[in-house]
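One structure below.
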Amino acid sequence: MVEQSVTTARVSQRTTSAPRIGVLALQGDVREHFAALMHAGAEPVSVRRLAELESVDALVLPGGESTAISKLLEAFELLEPLRARLRAGMPAFGSCAGMILLASEVLDTRPDAQHLSGIDMTVRRNAFGRQVDSFETDLDFTGLDTPIRAVFIRAPWVERAGAGVEVLATVPSGPFAGRIVAAREGNVLATSFHPEVTGDLRVHDLFVEMVRAAA
Ligand code: GLN
């Protein structure tokens, strides 16, 4: 009886405590992810230095400009440590530029841009073209009961998903129907769109759940 209540207390402590989730704060929409993570029950932490990266359970890579973030990752000497943590299984979520950074191959980028190979996928930058710089649509998203409003801003798509990659969402209709815009491999999640800007926090909820499950 005593044994059982001790076990129950331990489990509930683990599931209710807030995971420490870093937001890579070199460039991009860091504040929006901070707010979304807080609402989703996590403790967001700004990550710019190695010690900060080492202190977090998981990391969000925000939207912004992937080539700029790539340069800053090198300048702040975070590139190799971040690759190492991803190889070691740290959960990560990238939106838009963050998705590009998490890819194993990037098309239409600068030759000197770096990426992290967190997901075995080829991503094309600015894939939707100039005419459709930004758009919104409702998407079915695996794991969510109702469609999610997706905001795309000079967004990438996934042109190739590796065998171990779970496709979570595709564009439902129109000229880009079938294009992959959300994917997951292991503990790493990526979306072409920006769930941090809509007020619908279900993707962040899902990520926080992934982080808890990985702990
Ligand atoms: N087009 C940007 C890039 O290539 C991504 C845009 C975004 O994050 N909203 O990095």
Side-chain angles (χ1 to χ4, degrees), residues 21-37 44 46-48 58-76 78-79 82-83 86 92-139 141 148-161 168-171 174-176 179-184 188-204 206-207:
I21 302 186
V23 181
L24 187 65
L26 301 175
Q27 192 265 342
D29 65 341
V30 173
R31 260 195 298 185
E32 289 79 356
H33 278 289
F34 241 75
L37 286 169
S46 168
V47 169
R48 268 201 208 114
L59 187 71
V60 169
L61 295 97
E65 179 52 51
S66 58
T67 54
I69 298 174
S70 151
K71 275 220 169 85
L72 291 165
L73 279 171
E74 290 182 278
F76 283 71
L78 285 174
L79 187 64
L82 183 45
R83 283 182 174 144
L86 288 167
F93 166 42
S95 66
C96 202
M99 169 189 260
I100 297 167
L101 288 160
L102 287 171
S104 54
E105 186 185 16
V106 182
L107 306 175
D108 291 342
T109 193
R110 297 167 49 114
D112 60 342
Q114 303 286 340
H115 48 268
L116 300 162
S117 301
I119 297 182
D120 174 21
M121 63 179 175
T122 303
V123 163
R124 186 177 294 280
R125 279 180 75 216
N126 303 330
F128 294 90
R130 279 169 193 279
Q131 277 75 13
V132 277
D133 237 19
S134 304
F135 67 101
E136 296 188 27
T137 188
D138 291 322
L139 293 177
F141 193 105
I148 184 159
R149 189 79 184 155
V151 175
F152 294 85
I153 306 165
R154 292 181 61 74
W157 66 43
V158 179
E159 201 142 312
R160 179 196 62 87
L168 300 176
T170 57
V171 177
F176 306 116
R179 288 297 180 181
I180 300 168
V181 291
R184 173 181 177 175
V188 184
L189 174 69
T191 62
S192 301
F193 54 95
H194 292 269
E196 69 277 15
V197 303
T198 57
D200 182 342
L201 301 174
R202 290 177 296 163
V203 174
H204 287 80
L206 220 124
F207 181 58

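Counting starts at 1 for both ligands and their atoms, following the listed order.
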Query - Pairs meeting criterion salt bridge (charged side-chain N to carboxylate O under 4.0 Å, His left out) with involvement of residues 23-37, two or more places apart - result: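 Checked against salt bridge (charged side-chain N to carboxylate O under 4.0 Å, His left out) - neighbours excluded - no pair reaches residues 23-37.
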Query raised in the report: Any idea how W157 and F128 line up, ring-wise: parallel (<30°), tilted (30 to 60°), or perpendicular (>60°)?
Result: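 Perpendicular: the ring planes of W157 and F128 meet at over 60°.
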Requested in this report: Fit a plane to each ring of F93 and F207, take the angle between them on a 0 to 90° scale, and name the class: parallel (under 30°), tilted (30 to 60°) or perpendicular (over 60°).
Outcome: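 F93 and F207: tilted rings.
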Query - Sole residue of L79, L101, T109, D112 in side chain to side chain contact (heavy atoms under 4.5 Å, CB included) with S70 - result: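 One option only clears the test, and that one is L101.
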Query raised in the report: Do other residues, nucleotides or ligands put more than 12 heavy atoms under 6.0 Å from R48 CZ?
Result: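 Atom CZ in R48 is not crowded, with 12 or fewer foreign heavy atoms closer than 6.0 Å.
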Query raised in the report: Name the one of D138, T198, D200 that satisfies side chain to side chain donor-acceptor pair (under 3.5 Å) with R149?
Result: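 Answer after filtering D138, T198, D200: D138.
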Query raised in the report: So which protein residues pack against ligand 1 under 4.0 Å, heavy atoms counted?
Result: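 Residues G63, G64, E65, S66, C96, A97, I100, R125, N126, I153, R154, H194 each place a heavy atom under 4.0 Å from ligand 1, listed by chain and number.
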